[in-house]
**Q** 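I'd like to ask you about the structure that follows.
Note that the structure is predicted; figures quoted are calculated from it, not measured. Numbers restart at 1 for each chain; the letters A, B, ... are given by sequence-line order, proteins then strands.
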There are 2 protein chains.
Amino acid sequence: MTALEQYVSSYFGVAEAAELAVISSLFKPETIKKGDYFLLTGKASDRLSFVQTGILRIFLATENKEVTQWISTKGYFVTDLSGFIFEKPARWTIQALTDTDLFTIKREDYKRIGVLVPKWHELEKLFIASCFTTLEDRIFTHLSMTAEERYELFFEHNKSLFNQVPLQYIASMLGMTPETLSRIRKK
Amino acid sequence: MTALEQYVSSYFGVAEAAELAVISSLFKPETIKKGDYFLLTGKASDRLSFVQTGILRIFLATENKEVTQWISTKGYFVTDLSGFIFEKPARWTIQALTDTDLFTIKREDYKRIGVLVPKWHELEKLFIASCFTTLEDRIFTHLSMTAEERYELFFEHNKSLFNQVPLQYIASMLGMTPETLSRIRKK
DNA sequence: GCTTCCACTTGACAAAAATCAAGAACATTT
DNA sequence: AAATGTTCTTGATTTTTGTCAAGTGGAAGC
């Protein structure tokens with residue numbers, strides 16, 4: 001069983017081995033180099049990928065600064081969800097922070113899953129609902145915690161990320177400046 | 001066509017009138033009084049409701065303060081999503097800020113929709129995905145905007161809310177203190 | 001090995017927002 | 001109308017966080 005199959009079965013709970021094989025056969029291996037863009041804001045978001053190895057940064061460039069929305073690592077799916085699902089221009093830019101191995105499905109093939117695997121839409125609904133809950137938690141941290149508390153919480157759950165990606169991106173993702181993050185970490 | 005049917009058909013795009021009738025027949029009218037609790041943190045979240053009239057506040061009480069996550073008004077659905085879908089204890093407390101008329105579906109009946117309306121899971125997936133996108137936007141405001149900018153943005157899109165609910169709840173929802181909101185508004 | 005480029009740190013200062021405390025405005029009840 | 005209880009405002013102050021600027025350290029390229 002590939003990492004993709006394990007992930008799909010653990011998160012989506014597809015029961016039938018045959019269905020699992022169908023799903024994973026539609027994902028194709030893809031490699032992107034450090035610095036390459038997986039997606040650009042405004043372009044068509046026509047693929048959904050599973051990160052096998054490597055790190056990607058999801059961000060948006062504003063007039064003043066780049067705002068990092070999320071950092072995707074091994075075991076995560078990566079896409080611009082609204083662009084992918086609703087066939088609208090991508091909201092986010094996604095760039096590889098390291099050489100990255102992906103399993104990628106094109107929208108065309110993705111649509112076939114719903115036909116081939118009857119339970120797919122329901123499983124996907126549950127998956128997106130759990131993502132929704134994660135974002136609810138994240139909003140809650142911004143409504144109720146200081147920068148330092150947000151750092152502590154994130155650090156507890158993502159220790160290994162801190163020696164793999166530039167801290168400035170983590171700072172942005174936590175809603176603080178690199179200087180503030182640096183001062184918090186000094187303690 | 002009831003407000004519920006209009007909302008379901010506009011958001012979920014159910015094509016068949018018969019299907020729409022099936023869905024809306026499973027929602028039952030319910031009234032709750034100002035101050036009553038629709039849901040308590042830790043309890044079972046076993047219903048999903050459509051707000052026909054009235055206002056509800058979704059919040060969580062922490063040691064120091066109450067954190068308002070969202071305010072639901074006419075035309076919104078209200079539930080604790082993670083509790084409702086995954087049958088877990090509710091994360092949020094939901095209280096009526098005014099007398100409120102709801103159309104409510106119990107989880108038991110909700111599960112029947114998926115059987116009665118084949119497209120339901122897909123439509124629901126799309127609906128939850130759009131909710132996900134809304135939360136992404138909201139996180140982005142906390143990563144990139146000042147309290148004043150968040151206020152301006154929210155005020156532009158929700159003017160009418162400001163003379164219907166206590167401003168302290170809006171302040172909390174926007175991630176600032178009531179004093180800060182008051183000072184921003186003085187300008 | 002030297003240069004160049006980043007990323008990070010540090011200090012001084014400014015701005016934003018929170019806290020604390022008092023009082024005003026407003027609605028609700030009696 | 002008086003009393004009560006919220007909610008909102010305002011001022012003074014503190015804390016938190018951001019900004020600007022300079023400097024350090026390490027990694028990659030020449």
Side-chain angles (χ1 to χ4, degrees), chain A residues 33-36 55-57 59 61-68 71 95-99 139-155 158-187, chain B residues 33-37 54-57 59 61-68 71 95-99 139-155 158-187:
Chain A
K33 288 251 168 292
K34 177 173 176 171
D36 283 357
I55 304 178
L56 297 141
R57 178 171 71 109
F59 69 98
T62 69
E63 322 93 89
N64 313 318
K65 55 186 174 184
E66 288 181 351
V67 178
T68 298
I71 295 169
Q95 185 180 27
L97 293 180
T98 65
D99 291 354
I139 288 172
F140 187 80
T141 68
H142 284 280
L143 301 186
S144 65
M145 294 181 180
T146 63
E148 186 164 352
E149 289 167 337
R150 291 198 300 277
Y151 165 77
E152 295 288 355
L153 184 64
F154 184 77
F155 182 70
N158 301 275
K159 281 205 170 66
S160 64
L161 202 60
F162 284 77
N163 43 39
Q164 293 182 286
V165 311
L167 295 177
Q168 56 180 320
Y169 300 143
I170 295 177
S172 173
M173 185 182 146
L174 292 175
M176 64 188 80
T177 61
E179 293 93 333
T180 296
L181 180 60
S182 174
R183 287 182 179 112
I184 288 171
R185 280 169 64 79
K186 211 169 78 173
K187 298 183 186 175
Chain B
K33 287 252 169 295
K34 177 173 177 172
D36 282 357
Y37 290 94
I55 305 178
L56 297 141
R57 178 171 72 109
F59 69 98
T62 69
E63 321 93 88
N64 313 318
K65 56 186 172 186
E66 288 181 352
V67 178
T68 298
I71 295 168
Q95 185 179 27
L97 293 180
T98 65
D99 289 355
I139 288 172
F140 187 79
T141 67
H142 284 280
L143 301 185
S144 65
M145 294 180 179
T146 62
E148 185 163 352
E149 290 166 338
R150 289 198 302 278
Y151 165 76
E152 295 288 356
L153 183 64
F154 184 77
F155 182 69
N158 300 275
K159 281 204 170 66
S160 64
L161 202 60
F162 285 77
N163 43 39
Q164 293 184 285
V165 311
L167 295 177
Q168 56 180 320
Y169 299 144
I170 294 177
S172 173
M173 186 181 146
L174 291 174
M176 65 187 80
T177 60
E179 293 93 332
T180 296
L181 180 61
S182 174
R183 287 183 178 110
I184 288 171
R185 281 169 63 79
K186 209 169 80 172
K187 298 182 185 176

**Q** Taking side-chain hydrogen bond (donor to acceptor under 3.5 Å, both in side chains) as the definition, give me every residue that meets it alongside A:Q164, ordered by chain and number, with sequence neighbours left out.
**A** none
**Q** Estimate the overall bend of the helix from C:dG1-D:dC30 to C:dT30-D:dA1 from the end axes over five pairs each, rounded to 10 degrees.
**A**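 The end axes of the helix from C:dG1-D:dC30 to C:dT30-D:dA1 are about 40° apart, to the nearest 10°.
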**Q** Between A:F154 and A:I170, does the side chain to side chain contact (heavy atoms under 4.5 Å, CB included) criterion hold? Intermediate values first, please.
**A** CA-CA 9 Å; A:F154 184 77; A:I170 295 177; 4.0 Å; yes
**Q** Could you give the CG-to-P distance, from A:N163 to C:dA7, as a whole number of Å?
**A** 16 Å
**Q** Heavy atoms, side chains only, cut-off 4.5 Å: are B:I71 and B:L56 in contact?
**A**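 Not touching, per the 4.5 Å side-chain cut-off.
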**Q** According to side-chain hydrogen bond (donor to acceptor under 3.5 Å, both in side chains), who are the partners of B:Y169, at least two apart in sequence or on a separate chain?
**A**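 Applying side-chain hydrogen bond (donor to acceptor under 3.5 Å, both in side chains) to B:Y169 gives none.
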**Q** Can you tell me the distance, in whole Å, between the CD atom of A:E66 and the P atom of C:dA7?
**A** 10 Å
**Q** Distance check needed: C:dT9 C1' versus A:Q168 CD, whole Å only.
**A** 13 Å
**Q** To the side chain of B:L167, which of D:dC8, C:dT9, D:dT17 is closest?
**A** D:dC8
**Q** Indicate, with yes or no, if the rings of A:F59 and B:F140 have centres closer together than 6.0 Å.
**A** no
**Q** Only counting residues at least two apart or in another chain, list the ones meeting side-chain hydrogen bond (donor to acceptor under 3.5 Å, both in side chains) with A:K33.
**A**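 Listed in chain order: nothing, the list is empty.
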**Q** NZ of A:K186 versus P of C:dG11: gap in Å, rounded?
**A** 5 Å
**Q** Which side-chain N or O atoms in residues 171-182 of chain B pair as donor and acceptor under 3.5 Å with protein atoms at least two apart or in another chain?
**A**
unit_1 : atom_1 : unit_2 : atom_2 : d
B:S172 : OG     : B:T68  : N      : 2.8
B:T177 : OG1    : B:T180 : N      : 3.2
B:T177 : OG1    : B:T180 : OG1    : 3.0

**Q** Measure the distance from CD1 on B:I170 to C1' on D:dC8 and round it to the nearest whole Å.
**A** 13 Å
**Q** Are the side chains of B:L153 and B:M145 in touch, meaning some heavy atoms are under 4.5 Å apart?
**A** yes
**Q** Quickly work out the B:E148 CD to C:dA15 C1' distance and round it to whole Å.
**A**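 Checked: the CD to C1' distance equals 12 Å.
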**Q** Could you run through nucleotides 18-30 of chain C and give me one letter per nucleotide, 5' to 3': B if any protein heavy atom sits under 4.0 Å from the base, S if only the sugar-phosphate is that close, - if neither?
**A** SBB----------
**Q** What is the distance, rounded to the nearest whole Å, between atom CD1 of B:I184 and atom C1' of D:dC8?
**A**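 About 15 Å, once rounded to whole Å.
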